[in-house]
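Per chain, numbering begins at 1; letters A, B, ... match sequence-line order.
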Protein chains: 2
Amino acid sequence: MGARLKDVADRAGVSFKTVSNVINNHPNVTEKTREKVLEAIAELRYRPNMTARSLRHGRSGFLALAVPELTSPYFASLASEIGAAAKRRGLVVLIEETSGEHEGERVVLEGLSSTLIDGIIFSPMATPAADVAARTEPTPMVLLGERGYPAGYDHIAVDNVRAARQVTQHLIETGKKRIAAIGAEHESGTGALRGQGYRQALEAAGHRVDPALMVGDVNYDRTTGARAMAALLDAPAGVDAVFCFNDLMALGALRTLRERGLRVPQDIAVAGFDDIEDGRYSAPTLTTVSPDVPFLAEEAVRLVARRVSEPDAAAEDVEVPFTVEVRESTAG
Amino acid sequence: MGARLKDVADRAGVSFKTVSNVINNHPNVTEKTREKVLEAIAELRYRPNMTARSLRHGRSGFLALAVPELTSPYFASLASEIGAAAKRRGLVVLIEETSGEHEGERVVLEGLSSTLIDGIIFSPMATPAADVAARTEPTPMVLLGERGYPAGYDHIAVDNVRAARQVTQHLIETGKKRIAAIGAEHESGTGALRGQGYRQALEAAGHRVDPALMVGDVNYDRTTGARAMAALLDAPAGVDAVFCFNDLMALGALRTLRERGLRVPQDIAVAGFDDIEDGRYSAPTLTTVSPDVPFLAEEAVRLVARRVSEPDAAAEDVEVPFTVEVRESTAG
DNA sequence: CTGAAAGCGCTTACAG
DNA sequence: CTGAAAGCGCTTACAG
């Protein structure tokens, strides 16, 4: 179809090696020759064949980003930021949706590797540490939002325990006594860590940790939040605040409270995690943990790019800064 | 790094042509040979080098999807569906964010072409028809959500005029008299078409089309909706309903109405367009136009794939089915 | 039914 | 400062 290196060389009256030198900014080209070549490139509208270049280099310039769902606002903004960070380094991101389920995530660990992909940025939901340890594929992989995974893998995450503790403390400080947690059913991963922070805060304040107040579901969506909130209200436990382990569940909880005619935060205070845009526009606006997503994205791309060029570099553990954003749902 | 075709051939004791035949399901391989080869592939954990294959075929198997923003819920679900539809055909989707601005969209028209990408699915916001007509790049391109673009390009869109007319009619039927439109400032593209449908409905019902009731901004986001609603309330025009040209603006408008203490739909009814998930959980839930996104995605991939294999096929114009979902924001 | 050759478009040592 | 050769891993005609 288009012009090839050789066509440019013919047009400019030089060897194609010289054209290659110009394109790749190598030295040993006189200014005059360079100009002739650039002119020929422009005239022929030449574009290097990336496929051929990849084959030669043994690298594709592609990164895979594996996330549960693109339609989850948090992961959409993560994907957007990672795409931008990759672009700055001349890399392209392929998005792989896992549904946050074990089968989809297994594909990421074992099946995504190919000459097509230089490295993987993986945000696991349902993958036990043992699966990661058992991985045999050579494609470099960086883990997002998780700790406790095998050594040798780079990690990037918010300190989930500390963040959850801070939000729970905030709820306690507003005078709430019966603080529930939605999303605490996980035995490992992010859910477990946030559950740990929640418990630490309660214990530090001398509150009892009541298992009846820890509910939820594996899925971190609106429906789960709405149902869990309803279950809490229907149980005899008695609740005056709820910390949802993500904003989507918090928005679901708000909907249930609205349907029941309960006032937020007077009757029940609500806090979330992620700081998605919807929470800034909900009624009431949502108190939440706000991680520094651009930082996270930049570091993820930096780490995976580094591991592509230095496969044996020591694994890094990067902590993502966060703030607790207090809004109407806890501070009427 | 990994095993090559030749390594598999050596292991199986056949020529690499035979291995190639097995991999590509070509005939002329005895069952016995085939088994030997498959065994060797498994033992060596061989995976074909996609880059080499692409170079040979002159096709990459990559589609670019150019959308304004991944963080917009509508485009996130569109991207998700298009990724799934592409996967079914063995294709991979690269997402390009344009910001919905002219410069970003110019890159899609002129700069995205390369051997890297077989075809482009483009959802334009700010690109005039003239720019599309002036395009010289050869990479196949399918246009989403738009009409009125030059012949020769495949289009896939909801009938925006009809959809907008139907929503406006619905507002009229609930007894509203002063129906505003937010997002109607566009002179071309989707905004213009929805504006046309809005006007047709008003005229058919004998209502006056009042320019003071047509407001908005180029950006179709929550902030625009919130501000436009505030401006309408502050003006002396008098409003009892508002049709927002997308759901995000409608959610922004709902926020303003809540802040002003106005009842929806009793004081002011609100309708949107897109049927994003947020609108099913907002307070009140949002009446909206719901396009069949999976159908849209499937057709987009089908059309671009067809154009890749048959560049001179006649351009198609596909209409996407839609329904008007009546919810609390118009039917208290 | 299987083998040897050519070539996709590029870059990387190596000569000159 | 520039040229000719080899090769990245694959597939596609072409022989045998």
When rounded to whole Å, the NZ to C1' distance for the pair K32(B) and dC1(C) reads 14 Å
Hey, is the main chain of P68(A) close enough, under 3.5 Å, to the side chain of S72(A) for a donor-acceptor pair? no
Do T98(A) and R106(A) pair up side chain to side chain, a donor and an acceptor below 3.5 Å, judged on atom types alone? no
Return no unless some side-chain N or O of T51(A) is found under 4.0 Å from OP1 or OP2 of dG9(C). no
Donor-acceptor pair between E97(B) and S80(A) side chains, under 3.5 angstrom: yes
R135(B)-Y153(B) side chain donor-acceptor pair, cut-off 3.5 Å: yes
Please write out the pairs of protein N or O atoms and N or O atoms of nucleotides 10-14 of chain C separated by less than 3.5 Å, giving the distance to one decimal.
from, atom 1, to, atom 2, distance (Å)
dC10(C), OP1, Y46(A), OH, 2.4
dC10(C), OP1, N49(A), N, 3.0
dC10(C), OP2, L5(A), N, 2.5
dT11(C), OP1, R53(A), NE, 2.7
dT11(C), OP1, R53(A), NH2, 3.3
dT11(C), OP2, S20(A), OG, 3.3
dT11(C), O2, R56(A), NH1, 2.6
dT12(C), OP1, H57(A), NE2, 3.3

Any chance you could measure D317(B), atom CG, to D154(B), atom CG, to the nearest 0.5 Å? 8.5 Å
Knowing that exactly one of V92(A), I95(A), V142(A), V301(A) qualifies, which makes a side-chain contact (heavy atoms from CB on, under 4.5 Å) with L63(A)? V301(A)
Checking N160(B) against T190(B): is there a side-chain donor and acceptor pair closer than 3.5 Å? no
Only Watson-Crick and G-U wobble pairs with both distances less than 3.5 Å should count. Give DNA chain D in dot-bracket notation, marking inter-strand partners with |. |||.||||||||.|||
L55(A) CG to dG7(D) C1', in whole Å, measures 9 Å
Pair E298(A), R89(A) - check side chain to side chain contact (heavy atoms under 4.5 Å, CB included), show working. CA-CA 10 Å; E298(A) 181 62 34; R89(A) 289 168 190 265; 3.2 Å; yes
Could you tell me how far apart L116(A) (CG) and dC8(D) (P) are, to the nearest whole angstrom? 20 Å
Rounded distance (Å) that lies between atom P of dG9(C) and atom CZ of R59(B): 15 Å
Base, sugar-phosphate, or nothing: which does S54(B) touch, judged by heavy atoms less than 4.0 Å apart? nothing
